[in-house]
Amino acid sequence: MDWLEERLEKTAEYIRNLSFRKAMVAYILVLSVIVYVLSYLTMVLCWQWELSEWAKNEGEDLRNLIYMKGPLWAYGYTFDSETDRRWLLFLDFVRVWCPFFYAFAGMIVTIFIFYHKRLALPLKILKDSVKQIRENNLDFSIRYDSADELGNLCDSVEDMRLELVRGKEEMWLMVEKQKELNAAFAHDLRTPLTVLKGYTDFLARYIPEGRISEEKMEDTLALMSSHLKRLENYSRTMKGIRSIDEVPFSPEWIRIGSVEKKIREVVFALGQVGDIRIFYGGCTLKAPAGSNTPNSLGTAAEEIRVFADENIIMEVLENLLSNSIRYAGTEIEVVSEYDTQKREILLAVRDDGNGFSKDQLAKALEPYHKEREGAEMDEHFGIGLYICREFCKKHGGTLDIANSIRGGAVATASFLCKAEPAFGENSIYP
């Protein structure tokens with residue numbers, strides 16, 4: 001009997017997927033057949049009943065009576081019994097009007113069945129869905145297993161719900177990105193301002209004592225001017241973008257010596273603020289074994305040119321230093337290296353603070369995570385390392401954090417660069 005059940009299931013599915021027009025025609029046809037059958041049976045039954053009553057009253061051959069007088073109707077005769085007359089009149093009435101009664105009653109029943117089978121459930125689903133959407137609750141799904149018009153309408157409402165969900169998610173993401181951008185902007189303004197404060201403190205400390213030469217003062221003012229210009233450009237850039245992902249990556253040919261010089265400037269300026277000592281030993285070169293490339297950054301090595309975005313490198317350095325100053329005990333060490341084989345600039349910043357906990361090592365690179373204990377929670381956005389990671393990604397590099405074997409935390413940023421030969425015939429560059 002499995003084939004029969006399967007056949008019935010397919011038939012039911014076919015009927016369920018009929019369009020309203022075809023379904024209504026099918027319902028009317030079924031109604032017509034039922035009305036015809038019931039009317040025929042009722043008329044035959046009433047006629048047979050009437051014939052039996054006529055036979056009792058006429059007492060002669062009914063066929064001759066019908067042949068002579070035509071159709072037998074109770075209202076055309078006089079009966080001895082009023083009860084027999086009324087009963088035959090009732091049978092006449094039923095025989096004549098039963099098709100109309102069955103048709104009217106059948107239409108009422110058919111309408112109720114059609115509504116219950118084809119309209120009630122999808123209308124309830126649509127009503128509940130609209131109520132949920134009106135209440136701004138999109139955590140539901142719309143499913144109606146039919147391919148008719150209301151089934152298609154339910155599918156359309158479900159598509160609309162999914163679009164609303166996507167729109168809501170995009171809006172939420174946009175708000176989060178804007179929040180992230182605002183936090184990044186506020187965060188990144190601090191370090192350049194701290195650098196400028198360092199230069200200001202340096203000048204305020206030594207100018208009254210006459211311990212700064214005119215040349216040194218001019219150099220310091222020039223450095224302050226360059227930082228102000230960089231700060232102005234950064235503000236203009238942040239105003240025109242919608243997320244950190246849109247921060248422009250603008251590499252250009254720069255010399256390794258120029259990067260080292262700017263690192264020294266930032267280290268010097270930040271070293272003037274507070275009691276934290278910042279050490280920087282200069283940039284070293286990491287060359288393949290067997291090459292005659294110098295290991296320290298000498299005069300020739302300073303001429304190595306790399307295709308890199310100096311602004312991004314300095315943003316990362318300043319953010320790492322800013323975080324380290326917040327958590328360091330007494331000193332910070334900055335190390336820079338250029339890997340001539342990988343063509344990669346490395347920056348490492350180590351402090352002598354408490355380091356990272358196991359949980360913080362896993363989450364410190366996420367946005368709005370307070371990197372380590374001891375932060376000024378009302379002023380700390382928890383976004384510094386996240387910004388550094390995103391900037392390193394833009395430059396084809398990575399950001400790694402760990403606890404130093406000497407104590408404290410260490411953050412290492414890498415920046416992948418193109419490069420061109422700058423010294424000797426044995427240069428490793430093509």
Can a donor-acceptor pair be found between the side chains of D148 and S146 at a distance below 3.5 Å?
yes

Judged by atom type as modelled, is there a donor-acceptor pair below 3.5 Å linking the side chain of S414 to the main-chain atoms of T398?
yes

More than 12 heavy atoms from other groups under 6.0 Å of CG on L29
yes

Within a radius of less than 6.0 Å around CZ of F140, do more than 12 heavy atoms belonging to other residues, nucleotides or ligands occur?
yes

Rounded to the nearest 0.5 Å, how far apart are CD1 of I256 and NZ of K261?
15.5 Å

Within the structure provided, determine whether L41 and L45 are in side-chain contact (heavy-atom separation under 4.5 Å).
no

When rounded to the nearest 0.5 Å, the distance separating CE of M171 from CG of L164 is 10.0 Å

A quick test of your reading: do over 12 heavy atoms of other residues, nucleotides or ligands sit less than 6.0 Å from CZ of F112?
no

Just checking, any donor-acceptor pair under 3.5 angstrom between side chains of D352 and T330?
yes

Sorted by chain and residue number, the ring-ring contact (aromatic ring centres under 6.0 Å, His included) partners of F100 (sequence neighbours excluded) come out as W97

Short question: side chain of E333, backbone of V349 - any donor-acceptor pair under 3.5 Å?
no

Would you check if the side chain of D309 reaches a backbone N or O of S250 as a donor-acceptor pair within less than 3.5 Å?
yes

Please find the pair of heavy atoms, one from A402 and one from F356, that lie closest to each other, and give the distance.
O-CD1, 3.8 Å

When the ring planes of H395 and F415 are compared, do they come out parallel, tilted or perpendicular, using 30° and 60° as the limits?
perpendicular

Here the gap from I125 atom CD1 to C154 atom SG, rounded to the nearest 0.5 Å, amounts to 5.0 Å

Between D339 (side chain only) and E344 (backbone N and O only), is there a donor and an acceptor less than 3.5 Å apart?
no

Is the closest basic N to carboxylate O distance between R166 and E163 below 4.0 Å?
yes

I'd like to check V306 versus W253 (side-chain heavy atoms, cut-off strictly below 4.5 Å). Are they in contact?
no

Can you establish whether the number of heavy atoms outside N137 located under 6.0 Å from its atom CG is more than 12?
yes

Heavy-atom check, side chain of F114 versus side chain of L119, under 4.5 Å:
yes

State the CG-CD1 distance between L321 and I325, to the nearest 0.5 angstrom.
6.0 Å

Closest non-hydrogen contact found for M43 with C98 is CG-SG, 3.6 Å

Ion pair check, R143 and E158, cut-off under 4.0 Å
no

Tightest non-hydrogen contact, residues A411 and I401, listed as CB-CG2, 4.1 Å

Side chain to side chain contact (heavy atoms under 4.5 Å, CB included) between V335 and L347, worked out:
CA-CA 6 Å; V335 175; L347 282 177; over 6 Å; no

If I compare all heavy atoms of R161 with all of L138, which pair ends up nearest, and what's the gap?
NH1-O, 2.8 Å

Is there a donor in the side chain of E260 and an acceptor in the side chain of S336, or the other way round, less than 3.5 Å apart?
no

Heavy-atom side-chain contact between L361 and K358 under 4.5 Å:
no

Determine whether M314 and I312 make a side-chain contact, defined as any pair of heavy atoms from C-beta on separated by less than 4.5 Å.
no

Atom OH of Y40 with >12 non-hydrogen neighbours under 6.0 angstrom:
no

Classify the side-chain pair Q132/S129 by whether it contains a donor and acceptor separated by less than 3.5 Å.
no

Do L31 and M107 have side chains that approach each other closer than 4.5 Å (heavy atoms only, starting at C-beta)?
yes

With a 4.5 Å cut-off on side-chain heavy atoms, are K262 and V266 touching?
no

Hey, is E331 close enough to R350 for a salt bridge, meaning N to O under 4.0 Å?
yes

Nearest-0.5 Å distance, CG of residue N319 to OH of residue Y386
13.0 Å

How many angstroms lie between CG in L320 and CD1 in I387, if you round to the nearest 0.5 Å?
11.0 Å

Check the pair I304, Y338 against side chain to side chain contact (heavy atoms under 4.5 Å, CB included), reporting the backbone distance first and the verdict last.
CA-CA 10 Å; I304 296 177; Y338 178 65; 4.1 Å; yes

Are R95 and D92 ion-paired here, with the side-chain N under 4.0 Å from a carboxylate O?
yes

Minimum heavy-atom separation for T412 and A348, please, with both atom names.
OG1-CB, 3.9 Å

Looking only at heavy atoms, which two atoms of V35 and P99 are closest? And how far apart?
CG1-O, 3.8 Å

Is there side-chain contact between I278 and V334, with at least one heavy-atom pair below 4.5 Å?
yes

Kindly determine whether R343 and F307 satisfy side chain to side chain contact (heavy atoms under 4.5 Å, CB included), including the steps that lead there.
CA-CA 10 Å; R343 301 182 181 182; F307 195 64; over 6 Å; no

Take I113 and Y27 through the side chain to side chain contact (heavy atoms under 4.5 Å, CB included) test and state the conclusion after the steps.
CA-CA 9 Å; I113 293 175; Y27 274 72; 3.8 Å; yes

Are Y102 and T42 close enough that a side-chain donor and a side-chain acceptor fall under 3.5 Å?
yes

Is the side chain of T110 donor-acceptor paired with the backbone N or O of G106 at a distance under 3.5 Å, no angle test?
yes

